[in-house]
A.B. asks: 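Okay, handing you the structure first.
Both backbone and side-chain heavy atoms feed into the values below; hydrogens, waters and symmetry mates do not.
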Amino acid sequence: MATTNANAPKSAAKKNQSKGFTGIKSGLSVIIGCAVIAVCIYLFGFGYKTNFSGSEAWTGAPFHFLQDGDYSPLGIVGTVYKGGFVVPCIWTLCITVVALAIERFFAIRNAYGRTSLTVFVAEIKKALVANDLAKAQQLCDTQRGSVAAVVGATLKKYKEMEENTVLTKEQKILAIQKELEEATALEMPMMQENLPIIGTIITLGTLTGLFGTVLGMIKSFSAMGSGEGGADSAALSVGISEALVNTASGIATGGLAVIAYNYYTNKIDRLTFSLDEVGFSIVQTFSATH
């Protein structure tokens with residue numbers, strides 16, 4: 001019983017040592033928070049009275065959404081506000097991409113470890129060539145991160161197979177490979193957390209912008225058909241402005257999501273390649289020395 005209690009703190013300490021910031025688990029909470037921020041910026045920032053003509057006649061609250069009547073925008077800020085309810089929807093997606101990109105930056109940086117991943121892999125391979133497993137394990141303890149955790153788990157299985165006198169050499173190699181695959185499978189979901197959301201926004205942002213464009217063009221054509229003496233030029237310009245604002249916002253959001261998604265996918269691919277390289281070296285070392 002005393003032995004169990006003594007080992008428990010070590011196990012907990014080791015678990016805390018190998019794990020750092022692994023990311024935000026609830027992507028929905030991030031989206032909700034970003035939606036609140038987007039709506040507040042849209043209403044209380046872009047909807048402020050100084051962004052519209054005739055604002056000096058307003059009484060009471062200084063925000064456009066509390067005023068009666070239609071006011072013309074004075075500049076680009078007011079024009080963006082006149083883009084309608086689709087604008088904060090697109091902003092929600094855009095802010096979500098930025099928030100999750102920052103979150104993935106810290107999570108994946110933690111997965112890489114403390115030092116350069118290339119240097120770490122090279123040092124591990126040198127230690128394996130010298131058959132110095134103690135040094136390889138020390139490198140893992142110093143590096144930390146997901147790669148070091150996977151390599152460390154594989155090295156432990158390596159030592160277990162060295163002490164095993166029952167299994168054949170082929171069975172031992174398969175056991176080491178299985179440990180490598182299982183350890184990698186445990187770490188990969190953490191690295192890919194929230195990336196599917198960014199990938200979805202690539203398409204959703206563009207489609208939302210297109211939806212706003214269609215709504216703006218509907219207003220424009222309605223203005224062209226309304227008026228007995230011709231098109232309502234004011235309503236026509238508002239509809240075209242709404243269409244263009246939503247188009248630009250949607251394209252920008254989709255483009256930002258593409259950049260973030262491809263950037264972090266590439267970093268994860270590099271990390272996976274490093275895991276495969278080290279795992280192959282461990283298996284080859286065992287095969288050559290046993």
A.B. asks: Does a side-chain heavy-atom distance below 4.5 Å link Ile124 with Ser281?
C.D. replies: no
A.B. asks: What residue pairs, at least two apart or across chains, pass side chain to side chain donor-acceptor pair (under 3.5 Å) with a residue in residues 196-214?
C.D. replies: Thr213-Thr247
A.B. asks: Does Gln143 reach the main-chain N or O of Thr115 with its side chain, forming a donor-acceptor pair under 3.5 Å?
C.D. replies: yes
A.B. asks: Hey, is the main chain of Met161 close enough, under 3.5 Å, to the side chain of Lys172 for a donor-acceptor pair?
C.D. replies: yes
A.B. asks: List, one per line, each side-chain donor-acceptor pair under 3.5 Å for residues 174-185, sequence neighbours excluded.
C.D. replies:
residue, atom, partner, partner atom, Å
Thr184, OG1, Leu180, O, 2.8

A.B. asks: Is it the case that atom OH in Tyr112 sees more than 12 heavy atoms from other parts of the structure closer than 6.0 Å?
C.D. replies: yes
A.B. asks: List in chain and number order the residues that pass salt bridge (Lys or Arg N to Asp or Glu O under 4.0 Å) with Glu162, two or more places apart in sequence or in another chain; answer none if no residue qualifies.
C.D. replies: none
A.B. asks: For a quick test of reading the model, state the closest non-hydrogen atom pair linking Leu128 to Val278 and the distance between them.
C.D. replies: CD1-O, 4.5 Å
A.B. asks: Please list all pairs passing the salt bridge (Lys or Arg N to Asp or Glu O under 4.0 Å) test where one or both residues lie in residues 266-282, with sequence neighbours left out.
C.D. replies: Lys125-Glu277
A.B. asks: What closest approach, in Å, do Ile202 and Ala257 show between heavy atoms, and which atom pair accounts for it?
C.D. replies: CG1-CB, 3.5 Å
A.B. asks: Would you say Leu117 and Phe273 make side-chain contact, with heavy atoms under 4.5 Å?
C.D. replies: no
A.B. asks: What are the two closest non-hydrogen atoms of Leu155 and Cys140, and how far apart are they?
C.D. replies: CD1-SG, 4.1 Å
A.B. asks: Of all residues at least two apart in sequence or in a different chain, which pass the side-chain contact (heavy atoms from CB on, under 4.5 Å) check with Gln192?
C.D. replies: Met188, Ile268
A.B. asks: Quick one: list whatever passes side-chain contact (heavy atoms from CB on, under 4.5 Å) with Thr118, sequence neighbours left out.
C.D. replies: Ser116
A.B. asks: Verify the cluster assignment for Val30 and Ile201: are they in a single hydrophobic cluster under the rule of side-chain heavy atoms below 4.5 Å apart?
C.D. replies: yes
A.B. asks: Under the side-chain contact (heavy atoms from CB on, under 4.5 Å) criterion, do Val121 and Val151 qualify, and how do the steps go?
C.D. replies: CA-CA 10 Å; Val121 171; Val151 175; over 6 Å; no
A.B. asks: Do Ile90 and Phe85 belong together in a cluster built from hydrophobic side chains that touch within less than 4.5 Å?
C.D. replies: yes
A.B. asks: Tell me if a side-chain donor or acceptor on Arg104 pairs with a main-chain N or O of Glu193 at a distance below 3.5 Å.
C.D. replies: yes
A.B. asks: If the condition is side-chain contact (heavy atoms from CB on, under 4.5 Å), which residues does Val80 pass it with, not counting sequence neighbours?
C.D. replies: Phe46, Ile76, Val87, Trp91, Val245
A.B. asks: Only distances under 3.5 Å count here; give the side-chain donor-acceptor pairs of residues 92-101 to other protein atoms, sequence neighbours excluded, each with its distance to 0.1 Å.
C.D. replies:
residue, atom, partner, partner atom, Å
Thr92, OG1, Pro88, O, 2.8
Thr96, OG1, Thr92, O, 2.6

A.B. asks: Could you check whether any side-chain N or O of Lys159 sits under 3.5 Å from a backbone N or O of Leu133, counting only pairs where one atom can act as donor and the other as acceptor?
C.D. replies: no
A.B. asks: Heavy-atom distance under 4.5 Å between the side chains of Asn110 and Phe106, does that happen here?
C.D. replies: no
A.B. asks: Can you name the nearest heavy-atom pair linking Ala260 to Ile198, along with the distance?
C.D. replies: CB-CG2, 4.3 Å
A.B. asks: Which pairs pass ring pair (Phe, Tyr, Trp, His ring centres under 6.0 Å) with one or both residues in residues 152-198, sequence neighbours excluded?
C.D. replies: Tyr158-Phe286, Tyr158-His290
A.B. asks: Any pair with a residue in residues 133-152 that passes ring pair (Phe, Tyr, Trp, His ring centres under 6.0 Å), sequence neighbours left out, goes on the list, sorted by first then second residue, please.
C.D. replies: none
A.B. asks: Apply ring pair (Phe, Tyr, Trp, His ring centres under 6.0 Å) to Tyr42 and list each qualifying residue two or more places apart in sequence or on a separate chain.
C.D. replies: Tyr81
A.B. asks: Would you sort out whether Leu275 and Leu271 count as a side-chain contact (heavy atoms from CB on, under 4.5 Å), showing the intermediate values?
C.D. replies: CA-CA 6 Å; Leu275 284 176; Leu271 190 146; 3.9 Å; yes
A.B. asks: Mind jotting down which residue pairs meet the ring pair (Phe, Tyr, Trp, His ring centres under 6.0 Å) criterion with at least one end in residues 167-217? Sequence neighbours excluded, please.
C.D. replies: none
A.B. asks: Can you see which heavy atom on Lys169 is nearest to which on Ser287, and at what distance?
C.D. replies: NZ-O, 2.7 Å
A.B. asks: Can you confirm whether Glu160 is buried at CD, in the sense that more than 12 heavy atoms of other residues, nucleotides or ligands lie under 6.0 Å from that atom?
C.D. replies: yes
